[in-house]
Amino acid sequence: MAVGKCVVFFAVLTFLRTLNKADAVDCVFMESCILPCSFQRGDEVVIHWIKLKSIDEPAHSYYHNQDQLSRQDENFKGRTALFKDQISKGNASLRLTKVGVQDQGRYKCYTSTIIGNYESFINLNVDAPVREVDIQQVENRMTCSSEGIYPEPELTWSTNPPSTVTPQNKTTVQQNEQQLYNISSSLIVSASDLDYSCTVSTRSNKKRTTLFKPASINVSQTETTIPCTSSNTPLTSLIWRFNHSHIILKQTGADVPYTVSEEWTQQVKSVSESGSLTLQGLTSNQEGIYSCELSDAEETYITNTTLRIEKHQGSSNAANTAGIAAGVVSIGVVVAILAVLTKYKRVICKKCKKENNVL
């Protein structure tokens, strides 16, 4: 009798361990994901995928050699599929498309054949990785932000050379309708000779954007090259902006040709391997701030350069000379007109005297 109780006890213990043990699958937000499940091959296959909650949600069912989706939860409609050609080989894995945060949780795969019943469990985790970290500076206030992240991220500031950085206010974290997190932080720039970096991290990845100290260029020619601070790792994208908002050109990879915006086709002459931009045909309309955004897989480097265009000395002298010449010509014309009028007046006066003498 004691032996029987021990057998039952260990059987229950094994069942509980099996129940609590679950493999984990990390899925990317809005992409497809596979939940693995296998069973011993046999006839009369039945497959049930269930999301375990306080009220279980049927995700997908299969029996009588076809899908049975009449009881499928609304959340999963049109997003699940089995590998039909693999079921006879003992593969009951589920493909879930357009994964959302609401899909996160614990799933049970129940399979049955004439041989027996099997259960396995999967924990589905959802990640929306950090894709972009944006830094904006207006006067002496700098703001760092990133959007569409899951789970909740962290944000940190740093400088080069190292210094104490105190954010102006607490880091703001908000969730949108898709349950993704938006994060932002701002600080007052106390020193203009520092490079400021902002890092946003989550469990799946992290990204950093560095804003290099601003520079300025004064040019007197119609052509100049604006440098771009580059990294030592292969770039994944290059963007040049004018006054922070107007895009001059884009390049999506080191081996991909850059594309120039239509309004800048006359000014862009070339782009170097390091990202430096050469402009031509410069006028006062091109004065402003040029931003180079050079990115690799984990970091973005931003360089802001203010371009000032000086008037050409030769043009000024030519303008002065032309002005003087025009003045001389104008004076000559006036003198000539006065001379003609004086001569005409004398002729009239002589004629008048003759007429008076006759009378």
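The structure displayed is predicted, hence computed values, not measured ones. Any value given below was found using the heavy atoms of this structure, including those in side chains, with hydrogens, waters and symmetry copies removed.
Glu223 meets the side-chain contact (heavy atoms from CB on, under 4.5 Å) test with Lys269, Thr278, Gln280; sequence neighbours excluded. Here Gln86 pairs with Phe83, Lys89, Asn91 under the side-chain contact (heavy atoms from CB on, under 4.5 Å) rule; sequence neighbours left out. By the side-chain contact (heavy atoms from CB on, under 4.5 Å) test, Asn182 pairs with Glu147, Asn176, sequence neighbours left out. Evaluation of the side-chain contact (heavy atoms from CB on, under 4.5 Å) rule for Ser70 yields no partner, not counting sequence neighbours.
Of all heavy-atom pairs spanning Tyr181 and Pro153, the tightest one is CB-CD, 3.7 Å. Looking at every heavy atom in both residues, Pro36 comes nearest to Ser93 through CA-OG, 3.3 Å. Taking every heavy atom of both residues into account, Arg41 and Ile115 meet most closely at O-CD1, 3.0 Å. Scanning both residues, Leu82 and Ile47, for their nearest heavy atoms gives CD1-CD1, 4.1 Å. Closest approach of Val256 and Gln251 over heavy atoms only: O-NE2, 2.9 Å. Pairing each heavy atom of Asp56 with each of Pro58, the nearest pair is O-CD, 3.6 Å.
Sorted by first then second residue, the disulfide (SG to SG under 2.5 Å) pairs that include residues 32-108, not counting sequence neighbours, are Cys27-Cys33, Cys37-Cys109. Annotation: side chain to side chain donor-acceptor pair (under 3.5 Å) contacts involving residues 42-55, sequence neighbours excluded, comprise His48-Ser61, Lys53-Glu57.
Each of Leu155, Leu211, Ile183, Thr199 was evaluated against Cys144; a single residue qualifies, Leu155, per the side-chain contact (heavy atoms from CB on, under 4.5 Å) test. Here the rule is side-chain contact (heavy atoms from CB on, under 4.5 Å) with Cys292, and of Val271, Leu238, Ile226 only Leu238 fits it. Test Val200, Leu180, Asn205 against Ile149 for side-chain contact (heavy atoms from CB on, under 4.5 Å) and you get one pass: Val200.
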- Derivation of the side chain to side chain donor-acceptor pair (under 3.5 Å) call for Thr202 and Ser204: CA-CA 6 Å; Thr202 186; Ser204 61; 5.0 Å; no

- Message: side chain to side chain donor-acceptor pair (under 3.5 Å), that's the test. Do Thr300 and Ser295 meet it? Break it down for me.
- Response: CA-CA 4 Å; Thr300 297; Ser295 301; 2.9 Å; yes

- side chain to side chain donor-acceptor pair (under 3.5 Å) between Asp296 and Thr236, intermediate numbers included: CA-CA 5 Å; Asp296 57 36; Thr236 57; over 6 Å; no

- Task: Determine, step by step, whether Phe121 and Tyr107 satisfy the ring pair (Phe, Tyr, Trp, His ring centres under 6.0 Å) criterion, reporting the C-alpha distance in whole Å, the side-chain angles of both residues, the deciding distance to 0.1 Å, and the verdict.
- Result: CA-CA 6 Å; Phe121 298 87; Tyr107 290 76; over 10 Å; no

- Assess whether side chain to side chain donor-acceptor pair (under 3.5 Å) is satisfied between Gln221 and Thr224, documenting all intermediate values. CA-CA 7 Å; Gln221 299 108 0; Thr224 190; 5.9 Å; no

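Leu94 and Val46 fall into different hydrophobic clusters, defined by Ile, Leu, Val, Met, Phe, Trp and Tyr side-chain heavy atoms under 4.5 Å apart, directly or through other members. Note on Leu249: it clusters hydrophobically with Leu282, by side-chain heavy-atom contacts below 4.5 Å among ILVMFWY residues. Ile34 and Leu124 sit in two unconnected hydrophobic clusters of ILVMFWY residues. Membership requires side-chain heavy atoms under 4.5 Å apart, directly or through other members. Under a hydrophobic-cluster definition in which Ile, Leu, Val, Met, Phe, Trp and Tyr are linked whenever side-chain heavy atoms come within less than 4.5 Å, directly or via other members, Tyr258 and Leu294 are assigned to the same cluster. Both Trp240 and Phe242 are part of a single hydrophobic cluster, where members link through side-chain heavy atoms under 4.5 Å apart.
The aromatic ring centroids of Tyr150 and Phe29 lie 6.0 Å or more from each other.
Within 6.0 Å of the CG atom in Asp255, the count of heavy atoms belonging to other residues, nucleotides or ligands does not exceed 12. Counting heavy-atom neighbours within 6.0 Å of Gln66 CD, excluding the residue itself, gives a total above 12. Summarising the local packing, CD of Gln102 is surrounded by more than 12 heavy atoms from other residues, nucleotides or ligands at distances under 6.0 Å. The environment of CD in Glu263 is crowded: more than 12 heavy-atom neighbours from other residues, nucleotides or ligands sit within 6.0 Å. Within a 6.0 Å sphere centred on CZ of Arg141, other residues, nucleotides and ligands contribute 12 heavy atoms or fewer.
Look at Lys207 and Glu299 and you find no salt bridge, because none of the NZ, NE, NH1 or NH2 atoms lies under 4.0 Å from a carboxylate O. Look at Lys108 and Glu119 and you find a salt bridge, because one of the NZ, NE, NH1 or NH2 atoms lies within 4.0 Å of a carboxylate O, short of that distance.
Of the N and O atoms on the side chains of Trp157 and Ser185, at least one donor lies less than 3.5 Å from an acceptor on the other residue. Using a 3.5 Å distance cut-off with no hydrogens or angles, the side chains of Thr80 and Gln72 do pair a donor with an acceptor. Side-chain contact, Tyr118 with Gln40: a donor N or O sits under 3.5 Å from an acceptor N or O. In this model, no donor atom of one side chain and acceptor atom of the other lie less than 3.5 Å apart for Ser184 and Ser145. With 3.5 Å as the limit, one finds no donor-acceptor pair spanning the side chains of Thr210 and Asp195.
From Cys228, atom SG reaches atom CD1 of Ile239 across 11.0 Å, with rounding to the nearest 0.5 Å.
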